[in-house]
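For reference, the structure is listed below as structure tokens.
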Amino acid sequence: RQRIEAVADAADVARRLASLEGQLRAEREARVTAENLLASASSASHEAEREAKESAQAAAEHLARATAGEDSLAAIRARLSDAEARNRELESSVAIAKEASANAAS
């Protein structure tokens, strides 16, 4: 009878051990899966960060080119304004010279 109980206890312990081993195996698999998912998410995060930096750099370069274009346009407008003012001065001088020439002829 004691042997039967000992065998039954041993069988019960073996079942519990097998159950615990199964749980441990499942927990290990879950941990590995979680670690893989974390690594994948981290990789995706790094890729997204890299793409965001590249996009920001491209935007900064575009802004710099646009600003340089605006500066060039402002310089051209200033030169045009100066040329128009000089042209008005020359037209005024020509008008004065014509008037002086007409006065001298009469």
Throw together a table of side-chain donor-acceptor distances under 3.5 angstrom for residues 74-92, partners on residues two or more places apart or in other chains.
none

Would you mind writing out the side-chain donor-acceptor pairs for residues 54-69 within the sub-3.5 Å range, not counting sequence neighbours?
from	atom 1	to	atom 2	distance (Å)
E54	OE1	R50	NH1	3.0
E54	OE2	R50	NH1	2.4
Q57	NE2	E61	OE2	3.3
T67	OG1	L63	O	2.8

All N/O donor-acceptor pairs, side-chain side in residues 18-44, below 3.5 Å, sequence neighbours left out:
from	atom 1	to	atom 2	distance (Å)
T33	OG1	E29	O	2.9
N36	ND2	V32	O	3.4
S42	OG	H46	NE2	3.4

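Atom CG of L17 is surrounded by more than 12 heavy atoms from other residues, nucleotides or ligands within 6.0 Å. The number of heavy-atom neighbours closer than 6.0 Å to CD of E47, taken from other residues, nucleotides and ligands shown, is above 12.
Under the rule for a salt bridge (Lys or Arg N to Asp or Glu O under 4.0 Å), K98 has no partner lying at least two apart in sequence or in another chain. By the salt bridge (Lys or Arg N to Asp or Glu O under 4.0 Å) test, R16 is found to be paired with D12, residues two or more places apart in sequence or in another chain being considered.
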